[in-house]
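Remarks on the structure that follows.
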Protein chains: 2
Amino acid sequence: MTVIFSKKCEYGMQAVLYLAAREKGTLVSADEISKVLKIPREFVSKILQSLRESGLISSSKGKSGGFSLAKSASRIKLIDVVAAIDGLDMFDSCVLGFQECSPTHPCPVHNTWGSLRTQTYDMLTSETIDKLKEKTLHKISSL
Amino acid sequence: MTVIFSKKCEYGMQAVLYLAAREKGTLVSADEISKVLKIPREFVSKILQSLRESGLISSSKGKSGGFSLAKSASRIKLIDVVAAIDGLDMFDSCVLGFQECSPTHPCPVHNTWGSLRTQTYDMLTSETIDKLKEKTLHKISSL
DNA sequence: ATTTAATCAGACATTTTTATCTGATTTTAT
DNA sequence: ATAAAATCAGATAAAAATGTCTGATTAAAT
Ligand code: SF4
Ligand code: SF4
């Protein structure tokens with residue numbers, strides 16, 4: 001199986017995007033997120049907990065509790081979710097699995113992959129999640 | 001953990017590159033590949049077997065047996081290894097893990113990711129492995 | 001012929017990832 | 001007060017990926 005991000009990370013990004021799209025200070029329950037995004041309830045619940053620990057989102061317990069972004073959507077980027085869940089190792093390691101990637105020990109696809117890595121990083125870094133709001137809403141409405 | 005290709009696939013690409021670099025019709029043993037590339041012996045052995053089944057490499061049994069490319073290095077590309085081991089699904093699916101990726105249901109990073117996907121595909125498709133020979137040798141000598 | 005060194009096939013084991021369960025706690029609404 | 005609906009913590013389970021073992025077979029070298 002080929003993968004870029006782990007399931008946890010994918011789900012985490014989806015959830016954060018959903019919070020950003022759904023939010024005007026409203027609390028969103030794990031149950032709602034689970035249903036809308038079609039992610040197993042208990043699993044997304046765990047992911048949300050871990051994102052809370054990372055300080056990206058906040059939660060409130062009790063009836064009518066739920067989750068919301070810990071700060072403004074204009075100050076959160078997808079890379080933050082990746083950093084919190086999968087970490088940023090992929091941006092410093094080898095597609096071919098060789099150890100010690102460096103300009104002095106380049107692998108056969110060094111230059112190309114280096115550029116792609118940078119572009120991927122840029123993709124996750126350049127736009128804050130509020131900018132992705134309409135696209136997210138459109139995507140979600142098609143689920 | 002963030003990953004692009006599975007370990008099997010990474011090791012498979014390394015092994016095929018090594019065969020291409022090492023080869024002038026010589027047979028290379030799983031043991032040698034294991035030692036040079038620092039891949040667990042029995043594991044790389046299995047991978048080599050599966051690549052043989054896929055027809056990418058061929059083997060001969062018995063003393064002084066081993067593996068070699070099934071066809072000229074100028075007719076093998078890294079994408080062939082990926083196709084044989086991990087499959088090509090990643091080139092048709094979503095970084096954010098949404099189902100039904102399509103232009104009519106784009107995810108928030110659709111355009112950028114589409115382009116990156118294509119570039120990644122190109123990286124694995126544009127050069128045949130004989131072209132990567134010197135780079136491979138240089139990389140391996142540093143292991 | 002016998003030994004040696006290799007692939008091969010398939011079972012087995014370990015680790016990591018993904019997912020679920022159980023029960024406790026918190027908070028709101030009635 | 002009580003019930004309802006939510007998060008939370010930690011254990012457990014299931015599945016997938018990674019890695020190992022055993023013994024059989026094959027073929028070259030002695
Ligand atoms: S740039 Fe090349 S050497 Fe460096 S990690 Fe990527 S593939 Fe490996
Ligand atoms: S292009 Fe966008 S919608 Fe399509 S798979 Fe990639 S991220 Fe998802």
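The figures here come from the full heavy-atom set of this structure, side chains too, leaving out hydrogens, waters and symmetry mates. Lettering of chains follows the sequences in order, A, B, ..., and the numbering in each one begins at 1.
Side-chain atoms of B:Asp130 and B:Ser74 form no donor-acceptor pair, as typed in the model, at a separation below 3.5 Å.
In this structure, CD1 of A:Ile39 is placed 16 Å from C1' of C:dT17, rounded to the nearest angstrom. One interatomic measurement links the two molecules: CD of A:Glu32 to C1' of D:dA6, which rounds to 13 Å at whole-angstrom precision. Straight-line distance from the CZ atom of A:Phe67 to the C1' atom of D:dA5: 13 Å, rounded to whole Å. Going from atom CG of B:Leu27 over to atom P of C:dA6 covers 11 Å, rounded to whole Å. Taking atom CD of residue A:Gln49 and atom C1' of nucleotide D:dA6, one finds them 12 Å apart after rounding to whole Å. Atom CG in B:Leu51 sits about 14 Å away from atom P in C:dT7, given to the nearest Å. Whole-Å rounding puts the B:Glu53 CD to C:dA9 P distance at 6 Å. Separating the CG atom of A:Leu19 from the P atom of D:dT7 is a distance of 11 Å, rounded to the nearest angstrom.
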Requested in this report: Treat primed atoms plus P, OP1 and OP2 as sugar-phosphate and everything else as base, then score nucleotides 20-30 of chain D 5' to 3': B for base contact with protein heavy atoms under 4.0 Å, S for sugar-phosphate contact only, - for none.
Outcome: BB----BBBS-

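Picking from D:dT18, D:dT7, C:dA19 the nucleotide with the shortest atom distance to the side chain of A:Ser59 gives D:dT7. With C:dA6, C:dA19, D:dT18 as the choices, the nucleotide that has an atom nearest any side-chain atom of A:Tyr11 turns out to be C:dA19.
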Requested in this report: Start with the C-alpha distance between B:Arg52 and B:Leu48, add both sets of side-chain angles, then the distance that settles side chain to side chain contact (heavy atoms under 4.5 Å, CB included), and finish with yes or no.
Outcome: CA-CA 6 Å; B:Arg52 194 197 100 263; B:Leu48 290 165; over 6 Å; no

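A:Ser54 places no side-chain N or O within donor-acceptor distance of the main-chain N or O of A:Leu56, the cut-off being under 3.5 Å. The backbone N or O of B:Ser93 lies less than 3.5 Å from a partner atom in the side chain of B:Arg117, making a donor-acceptor pair. Of the possible polar contacts, none joining the A:Ser34 side chain to the A:Pro40 backbone as a donor-acceptor pair under 3.5 Å is found. Of the possible polar contacts, none joining the B:Thr128 side chain to the B:Ile76 backbone as a donor-acceptor pair under 3.5 Å is found.
Residues B:Ile33 and B:Leu19 meet the side-chain proximity criterion, which asks for heavy atoms closer than 4.5 Å.
In this structure, B:Arg52 reaches the C:dC8 phosphate: one of its side-chain N or O atoms is under 4.0 Å from OP1 or OP2.
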